[in-house]
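See below for the structure under consideration.
Each chain gets a letter, A, B and so on, in the order the sequences are listed, and its residues count up from 1. This structure is a prediction, so every number in the text was calculated from the model and none was measured.
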Amino acid sequence: SLISTYLNLGLLPEALKVLDEMSFPDVASFTSIISYCAKSGMEGEAFALLTRMRDMDIHPNEFSFVAMLTNCIRQCNRQLGSQVHCLALKTHCTTCTHVSNALMGMYVKCGLVDCALQVFDEMSDRDVSSWNAAILGMVEDCRYSEAFELFDNMGSNGKFADRFSLSTILSAATECQSGGEGETVHAYVIKIGLDMDLSVGNALLEFYTRFGIMEDLLYVFDRMPQRDVISWTCLLNGFMEFGLVESAAELFNQMPEKNHISYNALLSGYCKNGLGSKGLDFFRRILADGAEIS
RNA sequence: CCCCGAAUUCUACU
């Protein structure tokens, strides 16, 4: 409890100190810190703790495997990921839905979509996250019709789509040949009340930039209860896509949040609209402002 | 023996 309290406050050194002072740390003492390290991009620390734990003859459990896989997902480490998979199989931990879900996430992230789908097929208890991971795998592999098939099957299996399912399937709809699928999904989104969700709203902005008109975009944007830097950048892209360069430039100056992608959106928008010289001006200006260029 | 503590997946540029 003390360790997790420190970790919730972001106090890793204090948490490690507690661990060091414990006479009999258990699997949760280690796993909670490993999980924190994996999520904070401290893969080396996470692995060191795992080694230390095994040296003390404390065996990893389901939570440990998920934490280790989180680590593999962050660093796209398919070697370690496969080893974790083997160890999880040996200890029968793949029957745990969370472990199999994390394995799927790891394989999708590493580009091994078929491995992820194999894990999915072998699962006996699939939850919404399992379906979401499979759908994401299909989308990452550009298998959009199969993504929609899974999305429909999920409903037939009594699992309700959530914000993850819908933002993912909307990104598939954006890649389709026509907008019909996406419009059907939008209707469903409204029906279940997820049109007020930030990620879903952002995915809708993206969809209507491809298949709608400016009014559709503004309709979605204006009704969003919260907006983040992705929302603002999507709207900027939308203006540029519909040739409203002045509005895009004005938006860029008024956006409450922007990042390097917003800069690229404005720059590429100028170029796509045949305004290369404006783009060049903008580029010179941000160089003069000391921007880091990649 | 009981209780408590550690859990994976989504959306924008290149």
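Across all strands shown, A:T97 has no heavy atoms under 4.0 Å from either base or sugar-phosphate atoms. At the heavy-atom level, A:N259 lies under 4.0 Å from base atoms of the strands shown. Base engagement by A:T31 is indicated by at least one non-hydrogen atom pair under 4.0 Å involving a base atom. The residue A:A28 sits close to a base: some heavy atom pair falls under 4.0 Å. Residue A:S129 is classed as a base contact, given a heavy-atom separation below 4.0 Å to a base. If you check every strand for non-hydrogen atoms under 4.0 Å, A:K258 touches nothing. Nucleic acid contact for A:L136: sugar-phosphate only, since backbone atoms but no base atoms lie under 4.0 Å from a heavy atom of the residue. Using a 4.0 Å heavy-atom distance criterion, A:T233 is classed as a base contact.
The stretch residues 101-110 of chain A touches RNA chain B through A:N101, A:A102, each having a heavy atom within less than 4.0 Å of the strand. Near RNA chain B, meaning a heavy atom under 4.0 Å from it, residues 60-86 of chain A has A:N61, A:F63, A:V66, A:T70 in order of number. Contact check of residues 188-213 of chain A against RNA chain B (heavy atom, cut-off under 4.0 Å) returns A:S199, A:N202, A:A203, A:E206.
Checking A:N101 against A:S130 by side-chain atom types alone, a donor-acceptor pair falls below 3.5 Å. Side-chain N/O atoms of A:T94 and A:S100 include no donor and acceptor closer than 3.5 Å.
Distance alone, capped at 3.5 Å, is enough to place a donor-acceptor pair between the A:R126 side chain and the A:D121 backbone. In this structure, A:D216 contributes its side chain and A:Y219 its backbone to no donor-acceptor pair below 3.5 Å.
The hydrophobic clustering, which links ILVMFWY residues whose side-chain heavy atoms are closer than 4.5 Å, places A:L235 and A:V229 apart.
Listed by first and then second residue, the ring-ring contact (aromatic ring centres under 6.0 Å, His included) pairs that reach into residues 224-257 of chain A are A:F221-A:W232, A:F252-A:Y263, A:F252-A:F282, sequence neighbours excluded.
Separation of the A:F151 and A:W131 ring centroids does not fall under the 6.0 Å cut-off. Two rings, from A:H186 and A:Y208, have their centers less than 6.0 Å apart. A ring-centre distance under 6.0 Å is found for A:F207 and A:F211.
Here A:C93 contributes atom SG and A:H98 contributes atom NE2; the two are 13.0 Å apart, rounded to the nearest 0.5 Å. Between atom CG of residue A:L166 and atom OH of residue A:Y188 there is a gap of 7.0 Å, rounded to the nearest 0.5 Å. Distance CG/A:L49 to OG/A:S32: 9.5 Å, rounded to 0.5 Å.
Other cluster members for A:I261: none, since no ILVMFWY side-chain heavy atom sits under 4.5 Å from it.
The nucleotide range of RNA chain B contacted by chain A, defined by atoms under 4.0 angstrom from heavy atoms of the protein and reported 5' to 3', is B:G5 to B:C13.
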